[in-house]
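Atoms within each ligand, like the ligands themselves, are counted from 1 in listed order.
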Amino acid sequence: MSDHKKFGLAGVMGWPVSHSRSPTLHNFWIKQYGLTGAYVLLPVEPGHLPAALKGLSALGFAGCNVTIPHKVAAMQLVDRVDPMARRMGAINTIVVEKDGRLSGFNNDGFGYIQSLLDAQPDWRADAGPITVLGAGGAARAVVLSLADRGAKEIRLLNRSLQKAQDLAREFGAPVRAIPWEERHEALADVALLVNTTNQGMAGQSPLDLSLDRLPKHALVSDVIYIPMETPLLAAARQRGNPTVNGLGMLLNQARPAFKAWFGVMPEITPELRRAIEATF
Ligand code: NAP
């Protein structure tokens with residue numbers, strides 16, 4: 001009997017990785033859907049990544065997540081990369097195919113868009129201009145997925161202008177790089193404001209941003225999930241703007257990966273949110 005086919009096995013490779021919420025998330029779903037399996041932490045030093053990935057199939061893994069610092073390096077090591085992940089420049093999910101080959105995906109963009117739709121089911125990317133702050137890894141997923149959903153104008157502002165300009169050049173229209181100093185004015189007329197910088201995260205300074213120009217109906221989203229309500233979201237909520245925090249992105253990006261490994265598209269329930277929030 002081939003035990004490994006009955007026992008679903010997945011995990012997260014990172015270094016360090018002990019802080020990851022992914023085991024709580026996936027093991028919650030394994031239990032909820034009555035599956036037999038486990039999702040484990042896989043602390044893998046950068047130098048060991050090629051050997052670790054090679055071992056996945058032999059160990060009977062259905063696949064794994066990859067997180068910091070492996071997201072870019074792993075993309076070069078898998079056999080096939082999904083086109084969306086290639087455009088994002090990083091993978092966060094690996095699926096071991098039936099023949100043992102590895103396919104790489106990036107579900108962060110899916111997770112981000114889904115988190116907006118969970119909050120506002122009739123949300124549309126083309127509802128008006130969008131301002132995105134930050135041009136790091138999270139911004140790549142957010143900007144690309146917004147552009148793919150039909151955003152007509154994305155104002156991209158980053159502390160280091162060059163990175164915003166590089167991203168605008170790479171992704172093309174509708175992305176336009178704007179100097180960081182103009183961030184307060186860049187909120188005029190927007191339908192959506194997104195923070196993808198680390199400012200406002202626990203241990204960091206709050207984002208330095210005046211919301212005076214922001215329309216009251218604009219949706220304000222922050223990809224940060226610790227704390228659940230960043231100073232930006234608190235200020236937006238107090239002036240009446242609808243808000244979305246980063247937890248929905250974190251939870252939703254995991255759903256397609258779980259489906260690929262365990263065969264069930266899992267749902268995000270209030271119980272799951274409570275289980276994850278209890279780990280913060
Ligand atoms: P990253 O690649 O290191 O990018 C960090 C960004 O923050 C850059 O744009 C950087 O600007 C900006 N920044 C740093 N210090 C700043 C300051 N003092 N003032 C203004 N901007 C500053 O990080 P990342 O992977 O994109 O992650 C960013 C945030 O997103 C983190 O809080 C992370 O936890 C969160 N995140 C959430 C999810 C989710 O599922 N919800 C997924 C991924 C990431 P420069 O280019 O000028 O340095």
Side-chain angles (χ1 to χ4, degrees), residues 12 14 16-17 19-22 24-26 65-73 75 85 88-93 105-116 118-119 131-146 154-168 170-171 175 177-184 186 193-210 220-233 243-258 268 272-273 276-277 279-280:
V12 54
V17 74
H19 63 279
S20 173
R21 265 72 187 188
S22 293
T24 307
L25 181 53
H26 288 280
N65 286 123
V66 282
T67 187
I68 291 166
H70 303 317
K71 284 179 155 194
V72 174
M75 194 171 86
M88 284 185 191
I91 62 171
N92 71 350
T93 302
F105 300 87
N106 192 320
N107 300 322
D108 280 346
F110 168 87
Y112 179 67
I113 298 294
Q114 202 55 49
S115 75
L116 298 185
D118 285 350
T131 290
V132 176
L133 302 175
R140 289 185 74 88
V142 165
V143 170
L144 202 51
S145 57
L146 288 171
I154 300 176
R155 303 168 186 165
L156 182 62
L157 299 96
N158 192 51
R159 182 180 57 173
S160 326
L161 178 61
Q162 188 63 51
K163 264 167 74 176
Q165 287 172 331
D166 290 349
L167 229 138
E170 188 181 336
F171 293 166
V175 187
I178 297 175
W180 184 245
E181 295 67 37
E182 295 172 27
R183 62 195 178 283
H184 315 291
L193 163 65
V194 194
N195 175 45
T196 74
T197 76
N198 62 7
Q199 298 294 281
M201 193 175 153
Q204 297 283 343
S205 308
L207 184 67
D208 175 12
L209 183 68
S210 160
V220 180
S221 122
D222 201 322
V223 299
I224 291 169
Y225 50 87
I226 303 177
M228 298 270 284
E229 184 173 73
T230 58
L232 168 67
L233 293 188
T243 63
V244 180
N245 66 29
L247 186 59
M249 177 177 176
L250 179 77
L251 300 179
N252 275 293
Q253 63 77 31
R255 293 174 61 221
F258 189 88
I268 296 169
L272 173 66
R273 282 183 180 269
I276 299 296
E277 284 170 30
T279 69
F280 294 156

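Residue-ligand proximity: D108 is placed with every non-hydrogen atom at 4.0 Å or more from ligand 1.
Between R140 and D108, no side-chain nitrogen of the basic residue sits less than 4.0 Å from a carboxylate oxygen of the acidic one, so the salt-bridge criterion is not met.
Shortest contact from atom 20 (C) of ligand 1 to any protein heavy atom: W180 CZ2, 3.6 Å. In this structure, atom 28 (C) of ligand 1 lies nearest to the protein heavy atom T196 O, 3.3 Å.
Taking only nitrogen or oxygen atoms, main chain and side chain alike, A138 reaches within less than 3.5 Å of ligand 1. Inclusion of G246 in the set of residues having an N or O under 3.5 Å from an N or O of ligand 1 is warranted. When only interatomic distances are considered, the shortest N/O to N/O separation between G134 and ligand 1 does not fall below 3.5 Å. The distance criterion of under 3.5 Å between nitrogen or oxygen atoms is met by K163 with respect to ligand 1. Ligand 1 has no nitrogen or oxygen under 3.5 angstrom from a nitrogen or oxygen of M201.
Of the inter-residue distances, the one linking N195 atom CG with D222 atom CG reads 4.0 Å to the nearest 0.5 angstrom.
The presence of a protein heavy atom under 4.0 Å from atom 33 (C) of ligand 1 is ruled out. The protein does not reach atom 23 (O) of ligand 1 closely, with no heavy atom under 4.0 angstrom from it. Within the 4.0 Å cut-off (strictly below), a protein heavy atom is located near atom 47 (O) of ligand 1. Atom 5 (C) of ligand 1 lies below 4.0 Å from none of the non-hydrogen atoms of the protein.
The residue from I226, L167, T197, N198 that puts a heavy atom closest to atom 15 (N) of ligand 1 is N198.
With a 4.0 Å heavy-atom cut-off, ligand 1 is reached by no atom of Q253. Heavy atoms of L250 found under 4.0 angstrom from ligand 1 belong to the backbone as well as the side chain.
Residue-ligand proximity, S160 to ligand 1, at heavy-atom distances under 4.0 Å covers atoms 45 (P), 46 (O), 47 (O).
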